[in-house]
Amino acid sequence: MTQPRIAVGADKRRVDGRLKVTGAARYAADHLIDGVLHAVMVDATIGRGRIAGVDTTAAAAQTGVQAVISHLNAPRLPYRENTGSNNPPGQRLRVFQDDRVHFFGQPVAVVVATTLQQAQHAASLVQVSYAAETPSFDLTGAPANEPTTYARGDTGQALPSAPVRLDVTYRTARNHHNPMEPHATIARWQGDQLTLWDKTQWVGAGTATELAAVFGLPLASVRVLSPFVGGAFGSGLRAWPHVTVAALTARQTGRPVKLVLTRRQMYFGTGFRPSYEYRLRVGADRQGRLQAMSHDIRAETSRYEAFSEGILPAGQMMYSLPHVSQHYASVPVDANTPIWMRGPGYATAVHVIESAMDELAHRVGVDPVELRHRNEPSRDESTGLPFSTRRLRECLQTGAREFGWRTRPRAPRSTRDGDWLIGTGMAAGVYDTARAPAQSRARLSADGTAVVESATSDMGPGTYTSMTQVAADALGVDMGRVRFRLGDSLMPATPPHGGSMTMASVGSAVQDACDKVRRQAVTLAVQDPRSPLYGADPATVVVRSGRLSLRDRPARGETYRRLLDRNGREHLEADGSFTLPTGEARFSFYAYAATFAEVAVDARLGIVRVRRLLGVYDAGRIVNPVLADSQAIGGMVGGIGTALLEHTVTDTRDGRIANANLADYLVPVNADVPDLRAIYLHGEDREADPLGVKGLGEVVHVGVAPAITNAVFHATGKRIRELPITAEMLR
Ligand code: MOS
């Protein structure tokens, strides 16, 4: 018996919207904890080297200062391995454990004081001297870590003999996530019990397990609370050093401590999307059918951890081609460790592949949309498996029709509007349908209300709302009767709130828990001689608005409330879970996108304005179109940033980030964002997960940057192989 889908699929306002707009939603730094002290970190001012001395005399003498801690007096922490996390291979930064400086901005000391102002002032008085070494940021020539490689066919033979060949190198800038809410932690010890209020996308294995490992505590000794997250885009996928600093200072002072990163500290205190150097060689026939692609990829990482991301799959499965080789190596530079950022890996790989496809289309004189159709695979050629669902063709066709692609002039630089050169471009996109085991718990009370919980996060996609929708339908109650709770590591475990896997994984666990509760109620009713449903086949009972009834005879039934009251039950409760479906090894799971862009480029100044963007998505079932739209709009805005604005600039002399603020690190603002439109192909993926969703948050970003840069080529005739594209490059 399946429940009707009433809330799922409908436009629903955010259930936490009122809390957010009234300020009642508490973000990490907003929690009011009695007796809290304030910590301010002192950051290294060299890019590499050793700390020669730390003079804390003046700082320690200031009013209100409770502690000044550096490697000279910090306790040694066990820093056990965190096997449950996604920490990259290597040794994580061990804060205040030795005199080594690995990057500019690394925390080298911390001041704790009664007020924030006292701590800020005292931190400015800490004198640190250094033995500086010369940092390196060379991505091209420096020795790389052990590469990851992939090969099928023989690119060495196929590339030189291909009738049409491209050999192009793309470079992409380092990008920072820049969520609105800064990273912040409040730490409180009660004996050996540590409680953290933290900005995180993973209260469980990301933060609780990590802090337990760092301090050598049993996992049961650490509780992490994170009920609201003001954006993250990946920056909250691991616990950064400041979380340890907050816990360490709280333990040293015996008082709760609050530590909030400044906007500037966000540029070296959390991770970033690494800069890439990506050489792609393409061989094709004269009709544009791909024969071979060879990918040589280098990306930044820190010297102490080898970060990697999903840069390879797109090159293996997007298009049909017999010969593929890939070589992906991270290159240690004197920076902190990167981390996944929206559409991680795929966004960068697809930028290169889809830009090169545009170059190929131009070379062979084939329309760019038609070129994608010509190279559509019938199965995943990296595994030989069929796609669970793959509707990229429909995305392309729908997008072309709705965008008005048919009237596009073939030749670049052929449309003008006054001083502006007008161009259009498109790109396909793909992101894997990641899912991971997840758990949930549902409790239905005799008053007909329900509480459902999972240890997930809601960094903005509307998880509170979408989970409430799923729970309401599975329980057969109105949404207003369900309270979904999240953001507490003591709740049933979930994977990281990232990689577009929350809806599929956590949503399916929520549905499972609520299905079980509903079935308990149905069983109770059909076995209860006093119930109107006594003796009915449970498979014929549905629940709507809290009332159980026969599907075909709605008059025969009763409410949860009556059923539970009569049976003396205060509540029904069940645990639910999601595990990867048995079809996992039989299909290839991806979500798809087609993005179309129109740009105007000032012919003399080189300024690029995006005029409109259209995205068409094959993402499986859409649980809430209005929430989906906010994902798609965010993904497109992020794509405008990556394509045209965002660039973390390192001063290579000392590793200083030259634009570590929102005035100099440019992100799109309203004036940069034009008419945006998103279309979702109606459907579901029955193989992926019980909800039929494929994940949306990442795929909406993948392919946006190349659609824009391909439009810039069409407008100007100039192919820029570097991101972001700036006015200087187009003059
Ligand atoms: Mo997303 S980069 O996994 O937050």
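Just so you know, ligand 1 is whichever comes first in the structure, and atom 1 is the first atom listed for that ligand.
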Throw together a table of side-chain donor-acceptor distances under 3.5 angstrom for residues 702-709, partners on residues two or more places apart or in other chains.
residue	atom	partner	partner atom	Å
T709	OG1	A705	O	3.3
T709	OG1	P706	O	3.3

Check: Should the pair R435 and F578 be classed as cation-pi, given the thresholds of under 6.0 Å to the six-membered ring centre and 45° from the axis?
Finding: no
Check: Would F272 and F307 count as a close aromatic pair, with their ring centres under 6.0 Å?
Finding: no
Next item on the list: Give a yes or no on whether the ring-centroid distance for H295 and Y278 is below 6.0 angstrom.
Entry: yes
Tabulated below should be the N or O atoms of ligand 1 paired with protein N or O atoms at under 3.5 Å; can you produce that?
residue	atom	partner	partner atom	Å
ligand 1	3 (O)	G499	N	2.5
ligand 1	3 (O)	E698	OE2	3.3
ligand 1	4 (O)	Q201	NE2	2.8
ligand 1	4 (O)	G234	N	3.0

Item checked: L225 side, atom CG; L490 side, atom CG - distance, nearest 0.5 Å -> 7.5 Å
Notebook entry, point to check: Charged N to carboxylate O below 4.0 Å: is that the case for R279 and E277?
Noted result: no
